[in-house]
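Below is one structure; the comments refer to it alone.
So you know, we letter chains A, B, ... as the sequences are listed, proteins then strands, and number each from 1.
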Number of protein chains: 2
Amino acid sequence: MRDFSRAEKALKAEGLRITRPRLVVYDYLLDNKTHPTCDQIYHSIVNDYPHISFSSVYNVTEKLSNSGLILKLVSPCGEMHYDSTNCFHGHFYCLKCSCVLDLDLPDVKSFYKPISGSTTTSITISAEGICPMCSKNEQVN
Amino acid sequence: MRDFSRAEKALKAEGLRITRPRLVVYDYLLDNKTHPTCDQIYHSIVNDYPHISFSSVYNVTEKLSNSGLILKLVSPCGEMHYDSTNCFHGHFYCLKCSCVLDLDLPDVKSFYKPISGSTTTSITISAEGICPMCSKNEQVN
DNA sequence: TGGGTAAATTATAATCATTCTAAATAAGCA
DNA sequence: TGCTTATTTAGAATGATTATAATTTACCCA
Ligand SMILES: [Mn+2]
Ligand SMILES: [Mn+2]
Ligand SMILES: [Zn+2]
Ligand SMILES: [Zn+2]
């Protein structure tokens with residue numbers, strides 16, 4: 001059994017009920033900064049927690065992202081990835097292996113000018129291309 | 001019958017075959033800067049061109065975006081929108097009415113530092129929130 | 001100008017990530 | 001401990017997009 005204390009603390013701080021699916025999914029995201037999809041989360045945790053359902057992974061990621069504990073990212077092909085690093089940063093999407101990498105970016109508010117009369121909830125900066133690993137493999141082939 | 005000369009010229013310049021679906025879809029996008037989805041494009045043009053198929057709208061937008069004539073945008077909920085303004089600019093996605101608005105942004109290359117060893121194909125900057133129209137309507141209610 | 005050929009279109013079926021539904025279960029409070 | 005309500009769960013449904021395969025068309029060349 002893993003130590004879920006960090007996940008538990010964060011859930012409590014948000015006033016969310018402590019449940020096994022939430023602990024397992026959130027702890028997985030805290031430990032794995034790979035920006036997984038729900039499918040990847042499910043398959044990564046189902047061995048250690050056989051009773052978890054696909055539905056719960058979807059429900060939990062939805063709840064956690066609505067509460068702001070995690071980020072919900074949409075890839076260039078429209079698939080949803082989740083990220084427990086919830087402070088502002090950009091993402092690089094590899095067109096070959098579909099991996100998602102973090103980008104360090106300067107403060108975005110310095111140049112963002114909202115449309116007059118609009119309210120902005122979030123800003124996203126992303127890039128797509130070929131990741132270092134795939135670039136290396138291409139040279140070999 | 002509309003004047004498709006601008007669309008035809010651009011298709012020729014890209015070495016693409018001139019077909020009715022391509023002319024109709026591309027001309028529609030040149031005239032309507034609303035960032036429509038394939039579904040919206042189809043329903044907007046089907047009255048004037050009853051023989052067009054859904055498949056063709058998907059095929060044409062795919063072909064035009066692969067050739068660079070149009071941009072393919074992915075919304076925060078993962079749906080694809082198309083834009084005949086193919087130079088760099090950002091987009092604002094309204095969470096209420098799902099409209100997509102253009103954002104003027106400074107040159108992005110000034111602050112983007114690619115991950116070492118990676119190749120970048122494109123950079124995207126987007127914001128989400130409530131558009132001016134929806135903000136105004138909210139005040140009334 | 002009229003085939004020939006590869007490309008594009010079309011209708012339809014298939015895919016598949018995500019959402020919905022409703023019954024069973026469990027968290028948290030008194 | 002028991003109550004109330006939120007959460008979980010399995011399974012079905014959804015819907016945007018993609019795949020398939022037959023028909024049609026663009027356009028090159030003789
Ligand atoms: Mn990240
Ligand atoms: Mn635009
Ligand atoms: Zn890669
Ligand atoms: Zn709006």
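- Between B:T120 and A:A127, the shortest heavy-atom contact is CG2-CB, 4.1 Å.
- The residue A:N59 sits close to a base: some heavy atom pair falls under 4.0 Å.
- Place A:S53 and B:F54 on DNA chain D by their nearest nucleotides, and A:S53 ends up nearer the 5' end.
- The 5' end of DNA chain D is approached more closely, in terms of each residue's nearest nucleotide, by A:V57 than by the other of B:Y58 and A:V57.
- Here B:V100 is tied into one hydrophobic group with B:L71, B:L73, B:Y93, each link being a pair of ILVMFWY side chains closer than 4.5 Å.
- In the region residues 62-85 of chain A, proximity to DNA chain C at under 4.0 angstrom, judged on heavy atoms, holds for A:E79, A:M80.
- Atom pair A:H43:NE2 and C:dA17:C1' shows a separation of 13 Å (rounding to whole Å applied).
- Ion pairing between a basic and an acidic side chain is recognised when a charged N comes within 4.0 Å of a carboxylate O; B:K33 and B:D102 show no such pairing.
- Rounded to a whole Å, the CG atom of B:L23 is 14 Å from the C1' atom of C:dT9.
- The local environment of CG in A:D104 is sparse, with at most 12 non-hydrogen atoms from other residues, nucleotides or ligands closer than 6.0 Å.
- The side-chain hydrogen bond (donor to acceptor under 3.5 Å, both in side chains) test applied to B:S5 returns B:D3, not counting sequence neighbours.
- For the pair B:L11 CG and C:dA8 P, the computed distance is 11 Å after rounding to whole Å.
- Protein atom CZ of A:R20 is 13 Å distant from nucleotide atom C1' of C:dA27, rounded to whole Å.
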Could you go through nucleotides 28-30 of chain C and list every protein N or O atom that sits under 3.5 Å from one of its N or O atoms, giving the distance for each pair?
{"from": "C:dG28", "atom 1": "OP1", "to": "A:I18", "atom 2": "N", "distance (Å)": "2.8"}

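- Put simply, B:S56 has no side-chain N or O that comes within less than 4.0 Å of OP1 or OP2 on C:dT9.
- In this structure, a donor-acceptor pair under 3.5 Å is present between the side chains of A:Y28 and A:S44.
- Residue B:M133 belongs to no hydrophobic cluster, having no ILVMFWY side-chain heavy atom closer than 4.5 Å to its own.
- Between the side chains of B:S84 and B:Y26, no donor N or O sits under 3.5 Å from an acceptor N or O.
- Rounded to whole Å, atom C1' of C:dT25 lies 15 Å from atom CD1 of A:I52.
- Chain A approaches DNA chain D within less than 4.0 angstrom (heavy atoms of the protein), and the contacting nucleotides run 5' to 3' from D:dT5 to D:dG11.
- Separation of the B:Y42 and B:Y58 ring centroids does not fall under the 6.0 Å cut-off.
- Between A:K72 and A:E62, at least one side-chain N (NZ, or NE/NH1/NH2) sits under 4.0 Å from a carboxylate O, which counts as a salt bridge.
- Of all non-hydrogen atoms in A:F92 and B:T119, the two that sit nearest each other are CZ-O, 3.7 Å.
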